[in-house]
Protein chains: 2
Amino acid sequence: MRIAELSRHSGTSIPSIKFYLRERLLTAGTATGRNQAEYGDGHLYRLRLIRALIDVGGLTVAAARDVLAAVDTPELPPHFLLGAAHGALNRPRRRDADDPSWRSARDEVVALVRARGWHVDDDCPDFDHAADAVAAFRALGQDDLLECMETYADAAELVAAREVDTVIARGEPARMVEGVVTGTILGEAVLNALRRLAQQDASARRLVDTGDLA
Amino acid sequence: MRIAELSRHSGTSIPSIKFYLRERLLTAGTATGRNQAEYGDGHLYRLRLIRALIDVGGLTVAAARDVLAAVDTPELPPHFLLGAAHGALNRPRRRDADDPSWRSARDEVVALVRARGWHVDDDCPDFDHAADAVAAFRALGQDDLLECMETYADAAELVAAREVDTVIARGEPARMVEGVVTGTILGEAVLNALRRLAQQDASARRLVDTGDLA
DNA sequence: GTTAGTGGATAGCGCCGCTATCCGCGCGGA
DNA sequence: TCCGCGCGGATAGCGGCGCTATCCACTAAC
């Protein structure tokens with residue numbers, strides 16, 4: 001397959017493909033001459049993965065590169081790949097770690113995780129992200145919404161258990177690796193969309209003055 | 001309060017505040033002279049809300065403006081505000097609606113929502129976002145991860161019910177409006193972070209070869 | 001009266017994700 | 001055999017976004 005065909009099958013413009021090659025998200029095709037190369041199904045799959053990470057998952061090109069680099073490390077056990085995938089999802093830090101209200105928000109999240117017996121590395125950046133949001137709730141005087149935290153944790157436990165089981169059921173390490181990345185990033189998009197749909201429903205049930213929902 | 005003080009209390013630079021004024025995310029202070037104005041606690045709160053939406057929620061400035069405009073529409077019932085908040089969260093469309101695999105992914109999501117009896121407007125853009133992700137799973141040959149869909153829906157129902165109940169418990173419409181916006185946007189950030197933490201735990205329990213987690 | 005600071009306007013910057021253009025070469029059809 | 005399209009590779013540029021810098025006339029505070 002040459003680049004034009006790759007472009008047609010993937011729905012990605014040739015300049016974009018060249019861009020991804022330059023940025024090392026995509027490996028070069030196997031050269032068949034001085035200025036001719038052949039691309040395979042692997043390239044097509046990879047391109048679809050890139051577009052999914054960027055378009056659906058909302059990753060930046062740099063983040064996608066990090067995720068893909070982790071995917072390409074064959075000896076990386078799936079559990080550590082998960083950490084790599086999460087690491088690449090991190091948007092730059094927002095809050096100042098010296099802000100005492102932020103620190104207490106973070107401590108609160110750590111306490112919640114500890115209370116549930118989750119075994120997570122203490123300096124995992126996800127704590128910081130959760131703390132950003134918790135601190136924002138507090139700063140905006142929306143403390144009562146933090147009553148939902150345990151429910152969030154319940155929901156998180158529920159979906160994480162299911163996802164990890166599904167991925168592990170694959171058995172084959174290479175496919176587990178793919179599953180970790182796609183499940184983490186695309187699963188987030190699905191969950192967020194379903195949550196918003198469920199909110200619409202819950203809100204309609206409670207707030208819309210009507211008897212004829214049928 | 002003058003602008004310097006507003007800047008200090010909010011941790012936002014004066015040029016940024018001026019930028020938000022220009023972009024109409026923030027209303028002008030009450031003028032006390034030809035080139036002097038006074039800002040109140042409302043401005044400080046608003047600025048904190050802006051930063052939370054942009055930094056924590058990941059909204060663009062334009063999306064934040066739309067959300068804030070909805071918040072400022074006093075007669076808007078909370079249920080419709082929810083729609084407005086969701087609308088502002090929409091990233092630009094990705095998939096072509098003519099793509100049959102995308103259409104079938106969307107139909108699948110609609111069927112799931114129908115089966116659960118959720119009452120949601122059929123052309124809600126959240127369907128499209130979910131469809132994007134589902135279609136991506138399929139395109140990447142990760143169909144087995146779609147077995148998690150029901151679990152995602154369970155989790156979504158769980159958290160949405162709790163969130164909506166919490167907001168409704170406030171009673172006062174103005175505070176409900178605040179709760180809808182912050183709950184939707186910041187809650188998403190919390191849920192996503194907790195899900196990733198839970199994934200780390202689930203993955204560690206099943207994949208890490210160790211007996212001494214203590 | 002001096003000076004730091006103000007609101008307001010305009011222009012510019014830095015990053016990001018592409019996109020356009022050019023180049024010398026090879027492949028494929030007549 | 002020759003021609004012309006397409007190739008790969010490289011470099012430069014573009015458009016949008018979220019600020020940021022500068023300038024201005026003015027004024028409150030010392």
Residues of residues 19-26 of chain B with any non-hydrogen atom less than 4.0 angstrom from an atom of DNA chain C: list those, numerically ordered, please.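 Result for residues 19-26 of chain B: Arg22(B), sorted by number.
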
Contact boundaries of DNA chain C with chain B (under 4.0 Å, heavy atoms), 5' to 3'?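 Using the under 4.0 Å cut-off, the span is dT6(C) to dT10(C).
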
May I have the list of side-chain donor-acceptor pairs in residues 3-16 of chain A shorter than 3.5 Å, sequence neighbours left out?
unit_1   : atom_1 : unit_2   : atom_2 : d
Ser7(A)  : OG     : Thr12(A) : O      : 2.7
His9(A)  : ND1    : Glu5(A)  : O      : 3.0
Ser10(A) : OG     : Leu6(A)  : O      : 2.8
Ser10(A) : OG     : Ser7(A)  : O      : 3.4
Ser10(A) : OG     : Thr12(A) : N      : 3.3
Ser10(A) : OG     : Thr12(A) : OG1    : 3.3
Ser13(A) : OG     : Ser16(A) : N      : 3.2
Ser13(A) : OG     : Ser16(A) : OG     : 3.0

Determine whether Glu108(B) and Arg138(B) make a side-chain contact, defined as any pair of heavy atoms from C-beta on separated by less than 4.5 Å.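 In short, these two side chains touch, coming nearer than 4.5 Å.
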
Do Leu140(B) and Glu178(A) have side-chain heavy atoms sitting under 4.5 Å apart?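 They are not in contact (no side-chain heavy atoms under 4.5 Å apart), so the answer is no.
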
Is Arg106(B) salt-bridged to Asp122(B), going by a charged N under 4.0 Å from an acidic O?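 Here Arg106(B) does not pair with Asp122(B) in a salt bridge, since their nearest N and O are not under 4.0 Å apart.
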
Just checking, is any N or O donor in the side chain of [X] or [Y] under 3.5 Å from an acceptor N or O on the other one?
{"X": "Tyr152(A)", "Y": "Glu163(B)", "value": "yes"}
{"X": "Trp102(B)", "Y": "Asp132(B)", "value": "yes"}
{"X": "Gln200(A)", "Y": "Trp118(B)", "value": "no"}
{"X": "Glu38(B)", "Y": "Thr30(B)", "value": "no"}

Nearest-0.5 Å distance, [atom1] of residue [X] to [atom2] of residue [Y]:
{"X": "Met1(B)", "Y": "Tyr39(B)", "atom1": "CE", "atom2": "OH", "value": "10.5 Å"}
{"X": "Leu59(A)", "Y": "Asp66(A)", "atom1": "CG", "atom2": "CG", "value": "9.0 Å"}
{"X": "Leu82(B)", "Y": "Gln199(A)", "atom1": "CG", "atom2": "CD", "value": "5.5 Å"}

Just to verify, what does Ala155(A) make a side chain to side chain contact (heavy atoms under 4.5 Å, CB included) with, not counting sequence neighbours?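 Side chain to side chain contact (heavy atoms under 4.5 Å, CB included) check on Ala155(A) returns Ala155(B), Leu158(B), Val159(B), Leu191(B).
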
Which residues in residues 32-46 of chain B have at least one heavy atom lying under 4.0 Å from any atom of DNA chain D?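 Contacting residues: Arg34(B), Asn35(B).
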
Sub-4.0 Å heavy-atom contacts from residues 2-16 of chain A onto DNA chain D, ordered by number: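 Hits under 4.0 Å, by residue number: Ile3(A), Ala4(A).
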
